[in-house]
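Throughout, protein chains are lettered first and strands after them, A, B, ... in sequence-line order, and every chain is numbered starting at 1. Small disclaimer: the values here were computed from a predicted structure and weren't measured.
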There are 2 protein chains.
Amino acid sequence: MLKQEAAPSLRLETILHALGDPVRLGIVRQLAREGESSCAALNGGRSKSTMSHHFRVLREAGLVVTRVQGVTHMNGLCRSAVEASFPGLLAAVIDCPVAGAPVENSAA
Amino acid sequence: MLKQEAAPSLRLETILHALGDPVRLGIVRQLAREGESSCAALNGGRSKSTMSHHFRVLREAGLVVTRVQGVTHMNGLCRSAVEASFPGLLAAVIDCPVAGAPVENSAA
DNA sequence: GTCTTAGTTCGATATGTTTCGAACAAAGGC
DNA sequence: GCCTTTGTTCGAAACATATCGAACTAAGAC
């Protein structure tokens, strides 16, 4: 079962706004590096409700799809869909080193 | 004379945040299409102080440089600097059609 | 059926952002 | 010198966002 709020609009403005938050940027980058993850696996010490909010923004922007798998929700990056609408955008955001680790780097 | 707040940090997070606002995204896209412009040439009916604020955010993000030329301030996109740090990012943001015209399209 | 787990939704608070008008500063034209 | 033009800076108001805890829901384990 997929969670997707209607057809995501895939508006550039909405996508950039979603990516403009450090927590969400961290989520997207981590999802890109490590593939699907549960919500809990990405909370950098933030509360469940905060994370739920950020995932909702990412979902509504069309950047992330959430697949409900039993009790956990697996989130995946919508690489191809975003790539189709805005070629090169995700690659540029993902394939570059970045200072500061918004979501802890699991390098602990 | 160039206006540049110290060395712009060129942080991805800051750049995405700057681009996440529809007015600023419009400015950047228009600057990309039409080259340098004065501040006044890009106000979509907004007040001077509002535009000044947006240009400041763009400048601080390292997306725009402002050259003072007599009484007017000419703003140009820092394509190469941004491209050097985040290859493909500006291209992805600029070279795509976008719904909604934040800054009026001069197609009036 | 009861309990646990993983997320969501709600309501509140604190913080940021956008926007404006008014006052200011710099550069030139007269 | 004075006036005009173009932006900037300063408050202030309106709005949006990030964050939390508490109450809720759905799925499964027991």
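Taking atom NZ of B/Lys48 as the reference point, atom C1' of D/dT9 lies 12 Å away to the nearest angstrom. Between the P atom of D/dT6 and the CG atom of B/Asn75 lies a distance of 14 Å, rounded to the nearest Å. Residue A/Met51 contributes atom CE, which lies 9 Å from atom P of D/dT19 at whole-angstrom precision. Distance CE (A/Met74) to C1' (C/dT8): 18 Å, rounded to an integer number of Å. Going from atom CG of A/Leu19 over to atom P of D/dA18 covers 13 Å, rounded to whole Å. In this structure, A/Asp21 places its CG atom 9 Å from C1' of D/dT17, rounding to the nearest Å. Distance B/Ile27 CD1 to C/dT18 P: 11 Å, rounded to the nearest Å. In this structure, the CD atom of A/Gln69 is 11 Å from the P atom of C/dG7, given to the nearest Å.
Nearest approach of B/Cys96 to B/Val93, heavy atoms of both residues: SG-O, 3.7 Å.
Remark: the A/Ser49 side chain and the D/dG21 base include a donor-acceptor N/O pair separated by less than 3.5 Å.
Of the candidates D/dA18, D/dG7, C/dT18, D/dG7 carries the atom nearest the B/Ser52 side chain, counting heavy atoms from C-beta on. The side chain of B/Ser47 lies closest to C/dC20 when the candidates are D/dT19, C/dT19, C/dC20. The side chain of A/Arg46 lies closest to D/dC20 when the candidates are C/dT18, D/dG7, D/dC20. Of the candidate nucleotides C/dC20, C/dT8, D/dA18, C/dC20 has the atom nearest to the side chain of B/Thr50. The side chain of B/Thr72 lies closest to D/dT6, out of D/dT9, D/dT6, C/dA6. When distances run from any side-chain atom of A/Cys39 to the nucleotides C/dT18, C/dT8, D/dT6, the shortest one goes to C/dT8. Side chain of B/Val71, nearest nucleotide from C/dG28, C/dT19, D/dG28: C/dG28. Set against C/dT17, C/dT18, D/dT8, the side chain of B/His17 has C/dT17 as its closest nucleotide.
B/Arg56 has no side-chain polar atom (N or O) that falls below the 4.0 Å cut-off from OP1 or OP2 of D/dG7. The phosphate of D/dG7 (OP1 or OP2) has no side-chain N or O of B/His73 nearer than 4.0 angstrom. Between C/dT8 and A/Arg59, a contact under 4.0 Å exists linking OP1 or OP2 to a side-chain N or O. Side-chain nitrogen and oxygen atoms of A/His54 include at least one within less than 4.0 Å of the OP1 or OP2 phosphate oxygen of D/dT19.
Side-chain contact between A/Asn75 and A/Ser37 is absent, with no heavy-atom pair separated by less than 4.5 Å. Contact check for A/Arg24 versus A/Leu63: no side-chain heavy atoms found under the 4.5 Å cut-off. In this structure the side chain of A/Met51 reaches within 4.5 angstrom of the side chain of A/Ile27, judged on heavy atoms. For the pair B/Val28/B/Leu90, a side-chain contact is recorded, criterion being any heavy-atom separation below 4.5 Å from C-beta on. B/His17 has its side chain out of reach of A/His17: every pair of non-hydrogen atoms, C-beta onward, lies at least 4.5 Å apart.
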